[in-house]
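So the structure is just underneath, and the comments pick up after that.
Just so it is clear, the model here is predicted, and its values are computed rather than measured.
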Amino acid sequence: HLISINTELETPRNHNNRFYNSLSTGEKAVLISSITSAIGFLALIFSDIQALQTFGLFTALGIMIVFVTSLLFLKRFLPGFQNVRTELSHRTWYPFYTRFYNFLVKHSVKIIVSSFFILIVSIFFITKIKINGSHLNEFPTKHPITSALLFFEKEFGGSYPIEIVLTNTKKNESFYELSQLQKVDTFIQFLEDSCNLQLILSPVSLIKATNKAYNGGNPTEYEFPKEQSQLNGYLQNIMQTEYAEDLRRYLTEDGQQLRISGTRADLQLIEKQTFDKKITGFSNQMSFKVQQTGAAYTMELIPYSLIETMLPSLVIALFILSILMWTYFNMAWLIPIALFIILFPMILLAGFMGLTGIYLKADTAILFSFAFVLSVDYTIHFLNRFKTENSKSKHLDDALRATGVLIAKPLTIKSLILLSGFLSLLISDFKGIYTMGIMISMSIVFVWICHLTLLPFIIRKYFNKFIDNQYH
């Protein structure tokens, strides 16, 4: 940004003077852009996920470090560079953007209708976005890992681990009591018959196996002992064997919590919701509290946590951005323009997710921070240049045309550089990385189009009277 301003300024022959003029012209804009970009990532600290909090904090810190180091580097080395000639660049971009700007003016009605239509369609497809944390979706169909997971799905009752914790709601009850274990057994039968849970492990199976062993290995004796005294004896004997550690893993010493492990098929979102509703509905009939837990279940909750924190974080970031922009530009009418043009590409990106069936997960949700930061950067870059050109021009069209000529080149080059890097992710065999490449690339395209078409059009069409009143 600073280099582009340095090459664009019409200043005296002294290159050092032009450089310091470029700093005074663009330093505040770059500072505001850096702060707002940092805020976009810093908003992730409101997430309940520690990894995202750390990512947001260090990314925001990195942005500010880059701003300071870039400024120090430019002040030290750039004044010694030779004067950059920009006449050829202007001759190349001026006729191109002039024709493009005239096209926007000529087809303004079509642009309004098309933009409104695209906005409505995007909002519609946003409602189609699905949340899914399935690990089967991360790999190509023919990948060896997919084949291994599908083998487990078919032959071993599923690849998704289930962990359930039962907690007594009454302190005078204990899972060491026969009556409570019988209730647990009823719950386990429900998990097997109605929820298709397989390979279930719990203290119930250990106690039943012990009873079977004490009765000569008779298969019909795979059941609970008849009396509480027998159960107490079994538990004492188990604690004297190598199975004592297994019992401790599944039953707390005070008998207030009991663990159940198992596996099931890796389900889609709707099926998972049905599974959870079944467990919740049946557990309401039991005398103990039922809670799902485990690493897999926690990973499954991440997208829901992101959704709950994304909107409040976005509102906070936009509020701070509005204050900073009003402080810097001192033009209140610019705030709704900036907020709209920042949010519009994000709405398009979300609509693209719903249209193409991309799931909302931790790795896709965080990409909206990238789209937000990129859009903020482009918006401040454009508005800062427009502020400068509008102060020198007599007519709004001249200011917008000059702004576009000077802004189109750096924004286009920056977009192409970013695209060239992220498009390389499309060759990955892993669907998560491939999806990241697609979404980042589309966000770059959406942001670029919006800032070179909609932003100058909106300024010209709807806020002409505010500009005229302020400047002319």
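At most 12 heavy atoms of other shown residues, nucleotides or ligands fall within 6.0 angstrom of atom CD in E253.
Residues V204 and I260 form no side-chain contact, since every pair of their non-hydrogen atoms from C-beta on lies 4.5 Å or further apart. With contacts defined as side-chain heavy-atom distances shorter than 4.5 Å, the pair F386/L455 does not qualify. No side-chain heavy atom of T220 sits under 4.5 Å from any side-chain heavy atom of N215. The shortest side-chain heavy-atom distance between L197 and I188 does not fall under the 4.5 Å cut-off. Using a 4.5 Å heavy-atom cutoff, the side chains of I279 and F275 are in contact. Side-chain contact between K128 and F124: present, with at least one pair of heavy atoms (C-beta onward) separated by less than 4.5 Å. By the 4.5 Å heavy-atom criterion applied to side chains, V447 and D377 are not counted as neighbours. N168 has its side chain within reach of F175: a pair of non-hydrogen atoms, C-beta onward, lies under 4.5 Å apart.
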Check against side-chain contact (heavy atoms from CB on, under 4.5 Å), F288 and E173:
CA-CA 9 Å; F288 42 74; E173 294 180 342; over 6 Å; no
Next on the checklist: What verdict does the side-chain contact (heavy atoms from CB on, under 4.5 Å) test give for L191 and I162, after you've listed the backbone C-alpha separation in whole Å, the side-chain angles of each residue and the deciding distance to 0.1 Å?
Outcome noted: CA-CA 11 Å; L191 294 176; I162 291 291; over 6 Å; no
Would I111 and T453 count as a side-chain contact (heavy atoms from CB on, under 4.5 Å) if you check the C-alpha gap in whole Å, the side-chain angles of each, and the deciding distance to 0.1 Å? CA-CA 9 Å; I111 293 176; T453 58; over 6 Å; no
Give the intermediate values and the outcome of side-chain contact (heavy atoms from CB on, under 4.5 Å) for residues S205 and I200.
CA-CA 8 Å; S205 56; I200 297 178; over 6 Å; no
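One distance of note links CD1 of I238 with CG of L247; it measures 6.0 Å at 0.5 Å rounding. In this structure, L343 CG and S375 OG are separated by 8.0 Å, a value rounded to the nearest 0.5 Å. Within the model, atoms CG of L181 and CG of L251 stand 7.5 Å from one another, a figure rounded to the nearest 0.5 Å. Atoms CG and OG, from L166 and S202 in turn, are 9.0 Å apart once rounded to the nearest 0.5 Å. To the nearest 0.5 Å, atom CG of residue N196 and atom OG1 of residue T263 are 10.5 Å apart. Distance CE/M439 to CD1/I444: 12.0 Å, rounded to 0.5 Å.
Every residue was checked against the ring pair (Phe, Tyr, Trp, His ring centres under 6.0 Å) condition with Y176, not counting sequence neighbours, and none meets it. For the ring pair (Phe, Tyr, Trp, His ring centres under 6.0 Å) test, residues two or more places apart in sequence or in another chain that qualify with F370 are F422. For T356, the side-chain contact (heavy atoms from CB on, under 4.5 Å) partners two or more places apart in sequence, or in a different chain, are F352, I358. Contacts of Y434 classified as ring pair (Phe, Tyr, Trp, His ring centres under 6.0 Å), with partners at least two apart in sequence or in another chain: none. Under the side chain to side chain donor-acceptor pair (under 3.5 Å) criterion, K226 pairs with E223, not counting sequence neighbours. Residues satisfying the salt bridge (charged side-chain N to carboxylate O under 4.0 Å, His left out) criterion with E163, sequence neighbours excluded, are R259. Partners of Y378 according to the ring pair (Phe, Tyr, Trp, His ring centres under 6.0 Å) rule, which considers only residues two or more places apart in sequence or in another chain, are H451. Applying the side-chain contact (heavy atoms from CB on, under 4.5 Å) test to L119 and every residue at least two apart in sequence or in another chain returns I123, F344, I347. When the side-chain contact (heavy atoms from CB on, under 4.5 Å) test is applied to T167, the partners found at least two apart in sequence or on another chain are V165, Q257, K289.
With 3.5 Å as the limit, one finds no donor-acceptor pair spanning the side chains of N232 and Q236.
Sorted by first and then second residue, the ring pair (Phe, Tyr, Trp, His ring centres under 6.0 Å) pairs with a member in residues 221-267 read Y214-Y234; sequence neighbours excluded. Legend: salt bridge (charged side-chain N to carboxylate O under 4.0 Å, His left out) pairs involving residues 203-220, not counting sequence neighbours, sorted by first then second residue: D185-K208. Residue pairs meeting the salt bridge (charged side-chain N to carboxylate O under 4.0 Å, His left out) criterion with at least one member in residues 227-247, sequence neighbours excluded, are E245-R248, D246-R249.
The side chain to side chain contact (heavy atoms under 4.5 Å, CB included) test with S122 is passed by exactly one of L348, L349, L355: L348.
Between T412 and W448, the closest heavy-atom pair is OG1-NE1, 3.0 Å. For the pair I126 and A350, the tightest heavy-atom approach, listed with the atom from each and the gap, is CG1-CB, 3.6 Å. When all heavy atoms are compared, the tightest approach of S287 to Q180 is OG-OE1, 3.5 Å. Residues L374 and S443 approach most closely at CD2-O, 4.5 Å, considering heavy atoms. For the pair P456 and L104, the tightest heavy-atom approach, listed with the atom from each and the gap, is CG-CD1, 4.4 Å.
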